[in-house]
Every structure is written in C-alpha cells, then in structure tokens.
Amino acid sequence: GLKIVTIGGGSSYTPELIEGYIKRKDEMPIDEIVLVDIEAGQEKLNIVGEMAKRMVKAAGLDWKVTLTLDRFNALKDADFVTTQFRVGLLDARVKDERIPLSHGILGQETNGAGGMLKAFRTIPIIGQIIEDMKVQCPDAWLINFTNPAGMVTEAAIKQFGWKRTIGLCNVPITHCMDIAGQLDVDQDDLFYQFAGINHFHWHKVWDRQGKELTAKVIDLLYKKSDDGPESALKNIHDANYHIEQIQDLAMLPCGYHRYYYSEDEMLQHSIEEFQAGATRAQVVKKTEQQLFELYKDPALDYKPEELTQRGGTYYSDAACEVIASIYNDKRTVMVVSTQNNGTIQDLPYDAIVEVSAQITSHGAVPFNWGEFMPAARGMIQLMKGMEETVIRAAVEGNYGAALHAFTINPLVPGGQMAKRVLDELLYAHKAHLPQF
Ligand code: NAD
Ligand code: G6P
Ligand code: MN
C-alpha cells in the first residue's frame, strides 16, 4: 500500500487533502498518512490531525494517520511527499505583506516583495527535506504546494536535483470551474490549455466541436462594470482589467495578472487594507482561528464549508489527483509546474513552467505551447529571470542577487526603494534567514 507524508501537516488545508484521498479511496490503496510539523505548529497539528483521523474513520477506512515532529523518520519508505509548510507561520506573512506596504509598495505573498522573502525562507528548507528524502525514500515523488510554488519547485528540481517533483496550484482549477460555470457547460466538454509560470500564466479554451471560445469568455468575464462576476479567487481583489488590452492579448489572464495589468488599482486597494489593519494575512489569521475552533469539535468529521474562505480552496483536487494519476498512470490532463523541455519556446529549456500536461507514471508530460506574443513574452521572460535570481539569492545567501531580484521584480520599484524594503524585510525575518 501507499505511504503519503505531508510536511506542514498542521495547515488548516489538511482536511482538503484528506477529503481528496477519501474521494479516491478505490484507486489509492493507502496504508499510512503521516502529517509532519514542527514544534511551533504542534498545537495546530494535533487539532487538525485528530480531525483527519475522524474523517478517515467516518469514511470507514483503516488508514493509519500518524502525527509527528520527526521529519527524518517520518520520510522512511514514503511513496509520495507533499509539502504545504509556511516558514515562520502566518506572522511571517503579516511582515511579508505589511513591510512593503508601509513603504507604499505591494507586499503580495507570492509575486511581490513578500513572495521573494518567502522564497528566501523556504528554499533552504526544501533543500533539507530533499537531503532527508535522498536517504529515506529515494524513489518518492515530491508534490510541492508550498509557495512561491513555482520558485520552490524550480529549486527542488534544478538546485537540489529532485527530478521527481511536481508543483501545484489551485488557480488553474478555479479558472476552469469559473469558465464552465459562465458558459453553463460541463468542464469535461471544454478543452483548456494553460501556459506560463506559477501565478503568471495565461490560458485558452475550446469546445468539443473544435471552436475556440477564448474571445467569447474574455468578453463574458471581463467586459463588465461594477456588477460583473467576482474574482474567482477569495484572496485577490476584483480589480477590472482594461478589456481592450485583454482582447488584444487574446488569452485569458490568471487572477494574479491583476497585480500587473491593473497594478495601480491593486496597490491602492492593498494600501487601504494596510491602513485598516486588514491585509490578507491579517484576515487569514482570523479565518484560521475560526477554522481551528471548528476542527476542535470532536463531532466534526468532514471538511467544513468555511474552508472555502481560504484562497487555496480545491487544492485537494489537484494534489490528490496528481498522486492518483502518477500511481495509476491515469494520464489525467492537469496544470502543473514542471520542466519546460521546449514547451514554451520563449523560456529556457530547463526552466520550471506551469503548463497543461498529462500526468503519467513517469511524471508530467507537458503539451506544447509554442511562442508568446511579444507583449506577453517580454513580461514572462522578465518574471522568469526574476525567479532564477531569487533562487540563486536564496541558495547562496547572496545579498547582491537579492537586491537584483528586487530591482527587476515588476511590483517593486528599483533604486533606493528596492534596497530599503529588502533591508527591512531581511532584518525582520533574520531568525529564518541563516544564509544571509
Ligand atoms: P500555515 O501557516 O498554516 O503553515 C502550515 C504549517 O507549516 C504550520 O502548521 C507550520 O507549523 C508548518 N511549518 C512551518 N515550518 C515548517 C517546517 N520547517 N517543517 C514542517 N512544517 C513547518 O500555512 P497555510 O496558510 O496553511 O499554507 C501552507 C502553505 O501552502 C503555504 O506555503 C502557502 O503559501 C501554501 N499554499 C499554496 C497554495 C497553492 O496554490 N500552491 C494554496 C494555498 C496555500
Ligand atoms: C490561492 C493561491 C495560493 C495562495 C492562496 C492564498 O489563490 O493559488 O497559492 O496561497 O490563494 O490564500 P489565502 O487564503 O492564504 O490568502
Ligand atoms: Mn497558487
């Protein structure tokens, strides 16, 4: 049977995972699920871990659910390792978001200044996890969900050499659901193709007759005024796009593109949240508290509806389906972070990209995309260069590279501002940045 180990098991998202495994119980002969956390997360681990045990029991399954702080031993003979940890927990995210905003620039915990700092804290840990995996489970697959998922996945594969890594995000799934809903058709009757990098990808859509529906969906979703449909993602403010620009793009943007195409409006909104003491991290802290209050209830043995308040909802469908598809060679088409291999001509051959792919027993086989139009190519090449520079800074503890990454990130102004914000963030997070 299967042994699945989850690093960061104390996350409030864990019930999503358990629900996803239970849904796939007939295709996944699980023996043991191990939830690993650290001392700082032990209380959360116990609460959500007991809840996971209740969920498994209520489903009539005999899977062993183990809670532990001992990562090295937990990894012994694992088949799949999933990662969903946050170095420094939500308090670190509060700093990631609030420090840049205090200087009037976007924090944003994946794409902005905050995301680069999150990468600096996270990449060394993924390296340590892989060191343990080399000894304890050399054939295991690493399914990375930890943000910034694209950079962490690229570091795992390229810097730390774990080829069997797949990165995941719930954003593509959310868009697929949203589009099918808008068109009032079944998702299975549409063909979607995504290409780009994590939190910076575009997509197109066709129907079963072979007709491309992208332009129609652009109009449906974005040709709107204030009463249009909401942003499909709970954590992203619903700024309007400039419809002419998206029509010119002729691809659907992902939710995170609002930070670029509608940068000023997003910044303005974030500054208002900052002033109100209600940045996303601060809101999520409250949501998390409420979720853990629910999880404490010994009668609760299913995933509560309230979890959809988190931006990462539906994550289980991605993580569990990837595992089921690898294990059973299902060849499910999914959007994952994996090695480019020429899929996107505009990016390095060995870069990690987020693309539609078939998930086979030997991993993700991406669908060819080709080239982007210059307007998109310019942005994505800059973003990939920024990501590579962040990874280098994180691995080497290289301050010059860090400054470089801050300077080229489109959400951070260069010059003294880049340096000031970087320095303040490095200082605030120094307990989690031994490499700097
Ligand atoms: P969280 O703050 O609840 O952290 C999850 C757990 O990780 C905590 O219990 C914490 O104690 C633990 N942890 C911290 N450092 C650890 C370490 N070194 N080893 C093991 N465990 C450690 O975070 P969350 O809000 O539940 O999010 C979890 C992670 O998943 C974050 O990195 C977040 O960005 C990511 N996420 C990704 C997506 C996606 O689309 N890929 C969606 C949602 C969340
Ligand atoms: C999703 C992203 C995740 C991100 C999450 C934040 O849209 O795909 O990568 O971690 O939102 O949600 P939260 O509830 O933590 O703000
Ligand atoms: Mn994501």
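Read the numbers this way: they start at 1 and go in the same order the structure lists the ligands and their atoms. The analysis underlying the following values was restricted to heavy atoms, covering all of them including side chains, and did not include hydrogens, waters or symmetry mates. Because the structure is a prediction, the values reported are computed rather than measured.
Under the 30°/60° scheme for interplanar angles, the aromatic rings of H257 and Y261 are found to be tilted. Relative ring orientation between F436 and F120 is described as tilted, the plane-to-plane angle lying within the 30° to 60° band. Classified by interplanar angle (parallel below 30°, tilted 30° to 60°, perpendicular above 60°), the ring pair F367/F191 is parallel. A parallel orientation is assigned to the rings of Y256 and H199, their planes being inclined by less than 30° (bins at 30° and 60°).
Environment of OH in Y427: sparse, with no more than 12 heavy atoms of neighbouring residues, nucleotides or ligands closer than 6.0 Å.
A donor-acceptor pair shorter than 3.5 Å cannot be found between the side chains of N46 and Y295. Side chain to side chain, T66 and E32 meet the donor-acceptor criterion of an N or O pair below 3.5 Å. Using a 3.5 Å distance cut-off with no hydrogens or angles, the side chains of N398 and H404 do not pair a donor with an acceptor. Counting only N and O atoms by type, the side chains of H103 and E424 include a donor and acceptor under 3.5 Å apart. Between E321 and T332, the side chains place a donor N or O and an acceptor N or O closer than 3.5 Å (distance only, hydrogens not considered).
Between the side chain of S325 and the main chain of I359, a donor-acceptor pair closer than 3.5 Å is present.
Looking at atom 32 (O) of ligand 1, its nearest protein heavy atom turns out to be K118 NZ, 2.7 Å. Nearest protein heavy-atom neighbour of atom 18 (N) of ligand 1: I125 CG2, 3.8 Å. Looking only at heavy atoms of the protein, atom 26 (O) of ligand 1 is closest to S11 OG, 2.5 Å. Considering only non-hydrogen protein atoms, atom 1 (P) of ligand 1 sits nearest to K44 NZ, 3.6 Å. Here the protein heavy atom with the shortest distance to atom 16 (O) of ligand 2 is R280 NE, 2.6 Å. Among protein heavy atoms, atom 20 (C) of ligand 1 sits closest to I7 CG2, 3.6 Å. For atom 5 (C) of ligand 1, the nearest protein heavy atom (residue, atom name, distance) is Q84 O, 3.5 Å. Looking only at protein heavy atoms, the nearest one to atom 19 (N) of ligand 1 is I38 CG2, 3.5 Å. When only non-hydrogen protein atoms are considered, atom 8 (C) of ligand 1 lies nearest to D37 OD2, 3.5 Å. Looking at atom 4 (C) of ligand 2, its nearest protein heavy atom turns out to be N147 ND2, 3.6 Å.
For the pair H199 and ligand 2, the shortest N or O to N or O distance falls below 3.5 Å. Backbone and side-chain nitrogen or oxygen atoms of N170 are examined, and one is located within less than 3.5 angstrom of a nitrogen or oxygen of ligand 2. Inclusion of G311 in the set of residues having an N or O under 3.5 Å from an N or O of ligand 2 is warranted. For R71, no nitrogen or oxygen atom sits less than 3.5 Å from a nitrogen or oxygen atom of ligand 1, counting backbone and side chain alike. Any N or O atom pair closer than 3.5 Å counts here, and T110 shares no such pair with ligand 2.
Annotation for ligand 1: atoms under 4.0 Å from non-hydrogen atoms of E288 are 3 (O). Of all atoms in ligand 2, listed by their number and element, those nearer than 4.0 Å to a heavy atom of V284 are 13 (P), 14 (O), 15 (O), 16 (O). Every atom of ligand 2 is numbered from 1 in the order shown, and the set under 4.0 Å from a heavy atom of V171 is 7 (O), 8 (O). For ligand 1 and N170, the ligand atoms under 4.0 Å from any heavy atom of the residue are 40 (O). Close approach of ligand 1 to C169 is summarised as follows: ligand atoms under 4.0 Å from at least one heavy atom of the residue are 39 (C), 40 (O), 41 (N). Close contacts between ligand 2 and L233 involve ligand atoms 7 (O) [criterion: under 4.0 Å to a heavy atom]. Of all the atoms in ligand 1, the ones that sit under 4.0 Å from a non-hydrogen atom of G312 are 42 (C), 43 (C). Listed by number with element, the atoms of ligand 1 under 4.0 Å from a non-hydrogen atom of G41 are 11 (O). Per-residue contacts place T146 under 4.0 angstrom from the following atoms of ligand 1 (heavy atoms of the residue considered): 32 (O). Near R93, the atoms of ligand 2 lying under 4.0 angstrom from a non-hydrogen atom of the residue are 13 (P), 15 (O), 16 (O). Distances below 4.0 Å separate heavy atoms of C169 from the following atoms of ligand 2: 8 (O).
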Begin from the C-alpha positions of D79 and Y327 and carry the test side-chain hydrogen bond (donor to acceptor under 3.5 Å, both in side chains) through to its verdict. CA-CA 9 Å; D79 298 289; Y327 183 71; over 6 Å; no

Quick one, R164 with D139, criterion salt bridge (charged side-chain N to carboxylate O under 4.0 Å, His left out). Give me CA distance, side-chain angles, the key distance, then yes/no. CA-CA 8 Å; R164 291 179 162 218; D139 295 324; 5.3 Å; no

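Checked against a 6.0 Å centroid threshold, the rings of H203 and Y192 do not count as neighbours.
Taking both residues in full, the closest heavy atoms of E97 and A281 are given as OE1-N, 2.8 Å, listed atom of the first, atom of the second, then distance. Residues G196 and V355 come closest through the heavy atom pair N-CG1, 4.2 Å. Listed here is the closest heavy atom pair of D37 and S11: OD2-N, 4.5 Å. The two residues P410 and E263 make their nearest non-hydrogen contact at O-OE2, 3.7 Å.
Not a single heavy atom of Q128 lies less than 4.0 angstrom from ligand 1. Ligand 2 has at least one atom lying under 4.0 Å from a heavy atom of Y256.
Counting only heavy atoms from C-beta outward, the side chains of C254 and F194 never approach each other to under 4.5 Å.
In this comparison of N235, N111, L168, the heavy atom closest to atom 5 (C) of ligand 2 sits on N235. One option in Y314, Y13, F145, F85 has a heavy atom closer to atom 35 (C) of ligand 1 than any other, and that option is F145. The heavy atom nearest to atom 4 (O) of ligand 1, out of those in E39, E43, R86, is found in R86.
Of all the heavy atoms of R93, none lies under 4.0 Å from any atom of ligand 1, so neither backbone nor side chain is involved. Residue contacts with ligand 1, taken as heavy atom pairs separated by less than 4.0 Å, involve L168 solely via the backbone atoms N, CA, C and O. Contact annotation: for Y13 versus ligand 2, heavy atoms closer than 4.0 Å belong to the side chain alone.
Between the NE2 atom of H199 and the SG atom of C169, the angle taken at the Mn ion (ligand 3) works out to 100° after rounding to 10°.
Cation-pi check for K25 over W63 is not met; the charged atom does not lie both under 6.0 angstrom from the ring centroid and within 45 degrees of its normal.
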